[in-house]
Amino acid sequence: MPELPEAETIARTLAPHVEGRLIRSIRFFAPRARRGMIPDLEGRRLLRSRRHGKQVVLELDGGVLMVKLGMTGSLRWRGPAGPYTRALLELDEGWISFDDVRQFGSIGWAPECPRSLGPDPLEVSEEEFRARLALRSARIKTLLLDQHFLRGLGNIYADEILFAAAIHPLTPARRLDAERVGRLYQVMRDVLERAIAAGGSSISDYVDADGRPGNFQQFHQVYGRAGGNCPRCGRTLRRILIAQRSTHFCPGCQKQNY
DNA sequence: TGGAATGTTCGGCT
DNA sequence: AAGCCGAACATTCC
């Protein structure tokens, strides 16, 4: 579920409730929800709620809590405890619940936000994006999903971006000509910004920190629409597997011309 | 009814 | 080195 626009939305909707509050405790109800060691946080101030790639970062004085949402993770302001509540961050007033059905998500601690991932898709310059693509022979869809190449894109937005750029998902990155790279860069920003403005995509059960679903799924052009008609040319949309991930595209608009 | 698929990521293997 | 594969997990859908 949560890719860049959803993590951004969760971080933003959480911010007004939690920034400036003092932490009372962090409690875990599932061992695998804790990633590594987390010190006693009592009395630390929660300074900021922001995003890093697909993760929500809660900046405290002296360190950061990095929340990986995995496939089904959510952070809810004053969330009701349920069977899938894996952790609770109690504040001097109110609390944040971390719910995660499939348990692919986790919460870790670090002195500062690690810099091991690739650049943010909304911050990378076109020149750097171009230079990084030129070095790689991998297929463009695979590369967009690689968090060390760019941090934040997942399966939905990779497919939507490639459709908007009219690029076939199997195209080797270094075979993209200058025009296509320029288009890819522009539509990547455009799709992500529109998705954030819509509060992200709610495919099944994603909601923001206030429990509100996103609306961007209404604007998906190809994701989840295999067998339907291309909104641009009318041909039947296809679904194939690339790197074990289902990949949706239009065989008419996204030609394999390389 | 069972098998396949689902938004992610990591490690191991070639 | 890059890329494929399976595993971690729970639920839904055909």
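Figure legend: cation-pi geometry between R130(A) and Y185(A) absent, as NZ or CZ is not positioned both under 6.0 Å from the six-membered ring centre and within 45° of its axis. Judged by the 6.0 Å distance and 45° axis criteria, R76(A) is not positioned over the aromatic ring of F98(A).
H52(A) places its NE2 atom 15 Å from the C1' atom of dT8(B), with the value rounded to the nearest Å. Following rounding to the nearest Å, I10(A) (CD1) and dG7(B) (C1') show an atom-to-atom distance of 12 Å. Residue Q147(A) contributes atom CD, which lies 14 Å from atom P of dG7(B) at whole-angstrom precision. In this structure, Y206(A) places its OH atom 14 Å from P of dT8(B), rounding to the nearest Å. In this structure, D146(A) places its CG atom 11 Å from P of dC10(B), rounding to the nearest Å. Rounded to an integer number of Å, the gap from CG of N155(A) to P of dT8(B) is 6 Å. To the nearest angstrom, C1' of dT9(B) lies 11 Å from CD of Q55(A). Put simply, CZ on R35(A) is 8 Å from P on dC10(B), counting in whole angstrom units.
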List the atom pairs, donor and acceptor, that lie under 3.5 Å between side-chain atoms in residues 102-112 of chain A and the rest of the protein, sequence neighbours left out.
| unit_1 | atom_1 | unit_2 | atom_2 | d |
| --- | --- | --- | --- | --- |
| S106(A) | OG | R35(A) | NH1 | 2.6 |

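Rounded to a whole angstrom, the distance from the P atom of dT9(B) to that of dA1(C) is 22 Å. Separation of the P atoms belonging to dC14(C) and dG7(B) is 16 Å when rounded to the nearest angstrom. Between dA5(B) and dC5(C), the distance separating the two P atoms is 14 Å to the nearest Å.
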Could you walk me through whether D99(A) and S74(A) satisfy the side chain to side chain donor-acceptor pair (under 3.5 Å) test, starting with their C-alpha distance in whole Å, then the side-chain angles of each, then the deciding distance to 0.1 Å, before giving a yes or no?
CA-CA 5 Å; D99(A) 287 69; S74(A) 65; 4.7 Å; no
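Screening residues 136-146 of chain A for side chain to side chain donor-acceptor pair (under 3.5 Å), with sequence neighbours left out, gives K141(A)-N155(A), K141(A)-D159(A), K141(A)-T247(A).
Evaluation of the salt bridge (charged side-chain N to carboxylate O under 4.0 Å, His left out) rule for R32(A) yields no partner, not counting sequence neighbours.
Y223(A) comes within contact range of the sugar-phosphate backbone alone, with a heavy-atom separation under 4.0 Å but no base atom that close.
For the residue pair Y206(A) and T72(A), no side-chain donor N or O sits within less than 3.5 Å of a side-chain acceptor on the partner. S201(A) and H220(A) form a side-chain donor-acceptor contact under 3.5 Å, judged by distance and modelled atom types alone.
Within a heavy-atom distance below 4.0 Å of DNA chain C, no residue of residues 208-216 of chain A is found.
Judged by distance alone with a 3.5 Å cut-off, a donor-acceptor contact links the side chain of S204(A) to the base of dG7(B).
Using a cutoff of 4.0 Å between basic side-chain nitrogens and carboxylate oxygens, D120(A) and R51(A) are scored as salt-bridged.
The nearest pair of heavy atoms linking P2(A) to G73(A) is CG-O, 3.9 Å.
A close approach under 4.0 Å does occur between a side-chain nitrogen or oxygen of S246(A) and OP1 or OP2 of dG7(B). Between R245(A) and dT9(B), a side-chain N or O to OP1/OP2 separation shorter than 4.0 Å is absent. OP1 and OP2 of dT8(B) both lie 4.0 Å or more from every side-chain N or O belonging to K68(A).
Open room surrounds CZ on R24(A); 12 or fewer heavy atoms of other groups in view lie less than 6.0 Å from it. Heavy atoms from other residues, nucleotides or ligands lying under 6.0 Å from CZ of R238(A) number 12 at most.
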Map every base of DNA chain B to its dot-bracket character, where paired means a Watson-Crick or G-U wobble contact with both distances under 3.5 Å and | marks a partner outside the strand.
.|||||.|||||||
Sugar-phosphate or base contact per nucleotide [nucleotides 2-10 of chain C; S, B, -; heavy atom under 4.0 Å]
-SSS--BBB
